[in-house]
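Hydrogens, waters and symmetry mates play no part in the numbers below; they use all other heavy atoms, side chains included. Numbers restart at 1 for each chain; the letters A, B, ... are given by sequence-line order, proteins then strands. Here the structure is a predicted model, which is why all the values come from computation and not from measurement.
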Number of protein chains: 2
Amino acid sequence: MRPNDGSRPGSTAGARDNSKDSSKANQKTKPSPGERRLGDFLCFAVYSANLAFGRAYKKGLDELGLTYPQWIAIVALWEQDGQTVSELGEKMFLESNTLTPILKKLEAAGYLRRQRDPADERQVRISLTEGGRRLREKGMHMNLVTATGLKPDEFARLQENVVTLRDNLIKATAE
Amino acid sequence: MRPNDGSRPGSTAGARDNSKDSSKANQKTKPSPGERRLGDFLCFAVYSANLAFGRAYKKGLDELGLTYPQWIAIVALWEQDGQTVSELGEKMFLESNTLTPILKKLEAAGYLRRQRDPADERQVRISLTEGGRRLREKGMHMNLVTATGLKPDEFARLQENVVTLRDNLIKATAE
DNA sequence: TGCTATTAGATCGTATGCGATACATTCGTA
DNA sequence: TACGAATGTATCGCATACGATCTAATAGCA
């Protein structure tokens, strides 16, 4: 028998295949969310593209010894040093519950410092160390996979539209 | 003093701002990856758009009592029932190490069954229960946030280009 | 001044992703 | 047909995300 399998006997599969058209679906021209296939969901395209980016970058990031969010944090701090956790969070679209552990790891690795702001002890200011800046420079020169298969103008428009999408989702979510 | 703070005394921040142009960067017209700002990275646009989708869908998915990957699994199974873990994984771009725990939770919740294929005991076939199909129907009728801020033709092109991007990243990663 | 509300981070629990590995089953082939 | 290789899932450990909650520090105000 299997290891800790968990599968239980039950009725047979039934192999129902809801391919394209459900019987009463053709009344509207525009399909409702339920009638679309998975491949048609924009959310799923973005979700799976994000997974693909993570895998494509994995090899290069491993050479730096960083994960993707760690790398993003280094890049954001290189652009502006001495940011507070909140400020950095705004740029990365993350909050302290996610950011704090990441920053502590980077501090432990010697790439940045976390210091309470003397003027407001609630805030923690993050600054890159020499090692952190060296890491950023090193990351500049390594070519992460960028085989997008898109022409330059398509690439630029895609970038803009993804940003527009993101910002509008955030706006709509905030109500 | 703070709770378990971890911050240590050290030299002062130094507030170095590498805004746009580093001294020797202007020799090429096209900026190298290191000279771009965070907002210019397509990977970051996709990463943050994915976060934004997750937050936008959170409310609706909570009503279903599902997470996003759980919902995707239900949708994919509704399209084709009785898939193996591998087949489902191909559609979701996930492998068994991620999928198995998700499927076990959905099984425990009563939305699907996991059964070893009698013809090949290595494979596990997944089929939706009545409850799982009801959940899919319920999800059809609830409007998840879709305020993309894009015109229909832009939306369609965005969808296509994100998929192209994803597929080319996967191809390039496989070498 | 003293008290309460607000703010900024940190902590905790849960749910993915994912590399590495374990394990049972099946396949290939000598 | 026996046995090592390949295959399909599952398990484990680590690193995010994120809601809920905690704590210290500050702000606001009677």
**OP:** Just compare C:dG9, D:dG8, C:dT26 and give me whichever is closest to any side-chain atom of B:Asp120.
**Re:** C:dT26
Do any N or O atoms of the protein come closer than 3.5 Å to N or O atoms of nucleotides 17-21 of chain D, and which pairs are they?
residue : atom : partner : partner atom : Å
D:dA17  : OP2  : B:Tyr47 : OH           : 2.6
D:dC18  : OP1  : B:Arg55 : NE           : 3.1
D:dC18  : OP2  : B:Arg55 : NE           : 3.2
D:dC18  : OP2  : B:Arg55 : NH2          : 2.2
D:dG19  : N7   : A:Asn97 : ND2          : 2.8
D:dG19  : O6   : A:Asn97 : ND2          : 3.2

Subject >> Closest to side chain of B:Glu121, choosing from C:dA15, C:dT11, C:dT25 >> reply: C:dT25
**OP:** Examine the base of D:dT7 for any acceptor or donor lying under 3.5 Å from a partner atom in the side chain of B:Arg122, and report the outcome as yes or no.
**Re:** yes
Subject >> A:Lys138: side-chain hydrogen bond (donor to acceptor under 3.5 Å, both in side chains) partners, not counting sequence neighbours >> reply: none
**OP:** Using the side-chain contact (heavy atoms from CB on, under 4.5 Å) rule, pick out the option among B:Glu90, B:Arg125, B:Arg122 that qualifies with B:Thr84.
**Re:** B:Arg125
**OP:** Answer yes or no: does a side-chain N or O of B:Thr84 lie under 4.0 Å from OP1 or OP2 of D:dG8?
**Re:** no
Subject >> Rounded distance in Å - CG (B:Asp117) to P (C:dT26) >> reply: 10 Å
Original post:
The side chain of B:Ser86 lies closest to which of these nucleotides: C:dT11, D:dG8, C:dT16?
Top reply: D:dG8
**OP:** Establish, with yes or no, whether the OP1 or OP2 oxygen of C:dG9 is under 4.0 angstrom from a side-chain nitrogen or oxygen of A:Ser96.
**Re:** no
Original post:
Is A:Thr67 near enough to D:dT16 that one of its side-chain N or O atoms lies under 4.0 angstrom from OP1 or OP2?
Top reply: yes
**OP:** Using whole Å, report how far CD of B:Glu107 lies from P of D:dT9.
**Re:** 14 Å
Original post:
With sequence neighbours excluded, what pairs up with A:Lys105 under the side-chain hydrogen bond (donor to acceptor under 3.5 Å, both in side chains) test?
Top reply: none
Original post:
Rounded to whole angstroms, how far apart are CD1 on B:Ile72 and P on C:dG17?
Top reply: 10 Å
Original post:
Are any side-chain N or O atoms of B:Glu87 and backbone N or O atoms of B:Gly82, one a donor and one an acceptor, separated by less than 3.5 Å?
Top reply: no
Subject >> Interatomic distance, A:Leu106 CG vs D:dT16 C1' [rounded to whole Å] >> reply: 13 Å
Original post:
Quick one: B:Met92 CE to D:dT9 P, roughly how many Å, whole number?
Top reply: 14 Å
**OP:** Considering just the side-chain nitrogens and oxygens of A:Lys105, establish if one lies under 4.0 Å of OP1 or OP2 belonging to D:dC14.
**Re:** no
Original post:
Taking only side-chain nitrogens and oxygens of A:Gln70, does any of them come within less than 4.0 Å of OP1 or OP2 of D:dT16?
Top reply: yes
Subject >> salt bridge (charged side-chain N to carboxylate O under 4.0 Å, His left out): pairs with one or both residues in residues 45-56 of chain B, sequence neighbours excluded >> reply: none
Subject >> Side chain of A:Arg114 - closest among D:dT11, D:dT9, C:dA10 >> reply: C:dA10
Original post:
Using a cut-off of less than 4.0 Å, is there contact between a side-chain N or O of B:Lys104 and OP1 or OP2 of D:dT11?
Top reply: yes
Original post:
Does any pair with a residue in residues 93-103 of chain A pass salt bridge (charged side-chain N to carboxylate O under 4.0 Å, His left out), and if so which ones, sequence neighbours excluded?
Top reply: none
**OP:** By nearest nucleotide on DNA chain C, pick out whichever of A:Glu87 and B:Pro101 is the more 5' one.
**Re:** A:Glu87
Original post:
Among all residues two or more places apart in sequence or in another chain, which pass the side-chain hydrogen bond (donor to acceptor under 3.5 Å, both in side chains) test with A:Asn97?
Top reply: none
Original post:
Within this structure, what is the CZ-to-P distance between A:Phe53 and C:dG17, rounded to whole angstrom?
Top reply: 17 Å
**OP:** Can you measure from CE (A:Met92) to CD1 (A:Ile102) and round to the nearest 0.5 angstrom?
**Re:** 5.5 Å
Original post:
Rounded to the Å, how far apart are A:Arg116 CZ and D:dT26 P?
Top reply: 10 Å
Original post:
Separation of A:Trp71 atom CH2 from D:dT16 atom P, in whole Å?
Top reply: 15 Å
